[in-house]
Amino acid sequence: MNEHPTNGTRVRFALRSGTDDGATYDVTVFAHEDAFELTATLDASTGKVQLGATAADAPEWLHAGVLPFAKQILSARRAAPTGQWPRRVLRWRAAAGSRPTE
């Protein structure tokens, strides 16, 4: 699979560490011609997500594009507290302003 989409962005979460209290993910955001790395720390006790710093040349939308997916992972884990943190999660987000085709 080509990780660099021709439209939108692909976001990959790879579990670095996980406990009952939370998890840390290495996050890679693949755009058409670029890739950006950051970390996401998910706190199961408070329900908060913290995104680590990214490269200075990263686009402004980067954190806004990653945050909803991180919150989905955290929400699913909090709904099943005896479960496991997913090892890998891959999501796709449409480009801003694009409409789905029929």
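Atoms considered below: every heavy atom in the structure, side chains included; atoms not considered: hydrogens, waters and symmetry mates.
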Looking at OG1 of Thr9 and CZ of Phe36, how far apart are the two atoms once the value is rounded to the nearest 0.5 Å?
10.0 Å
Expected output: side-chain Arg77 to main-chain Gly83 donor-acceptor under 3.5 Å
yes
Please evaluate residues Leu62 and Val29 with respect to the criterion side chain to side chain contact (heavy atoms under 4.5 Å, CB included), reporting the C-alpha separation (whole Å), side-chain torsions for both, the decisive distance (0.1 Å), and the verdict.
CA-CA 8 Å; Leu62 189 67; Val29 180; 3.5 Å; yes
Measuring from atom OG1 of Thr24 to atom CH2 of Trp85, what distance do you get when rounded to the nearest 0.5 angstrom?
9.5 Å
Side chain to side chain contact (heavy atoms under 4.5 Å, CB included) between Thr28 and Arg10, intermediate numbers included:
CA-CA 8 Å; Thr28 306; Arg10 191 167 282 128; over 6 Å; no
Between Phe13 and Ala40, which heavy-atom pair has the shortest distance, and what is it?
CE2-CB, 4.3 Å
With side-chain hydrogen bond (donor to acceptor under 3.5 Å, both in side chains) as the criterion, how do Asp21 and Thr19 come out once you've worked through the C-alpha distance, each side chain's angles and the decisive distance to 0.1 Å?
CA-CA 5 Å; Asp21 297 328; Thr19 66; 4.6 Å; no
With a 4.0 Å cut-off, would you call Arg16 and Asp26 a salt bridge?
yes
Which heavy-atom pair separates Val49 from Ala70 by the least distance, and what is that distance?
CG1-CB, 3.7 Å
I'd like to know whether Val11 forms a side chain to side chain contact (heavy atoms under 4.5 Å, CB included) with Trp92, so could you lay out the CA-CA distance, the side-chain angles of the two residues, the decisive distance to 0.1 Å, and finally the verdict.
CA-CA 6 Å; Val11 181; Trp92 177 80; over 6 Å; no
Closest non-hydrogen atom pair, Pro86 against Tyr25
O-OH, 2.7 Å
Point-to-point distance, once rounded to the nearest 0.5 Å, from CD of Gln50 to NE2 of His63
10.0 Å
Using 0.5 Å steps for rounding, measure from the CG atom of Leu42 to the CD atom of Gln72.
11.5 Å
Tightest non-hydrogen contact, residues Leu15 and Ala23, listed as CD1-CB, 3.8 Å
So, taking the atom named CG in Asp43 and the one named CZ in Arg78, what distance separates them when rounded to the nearest 0.5 Å?
8.0 Å
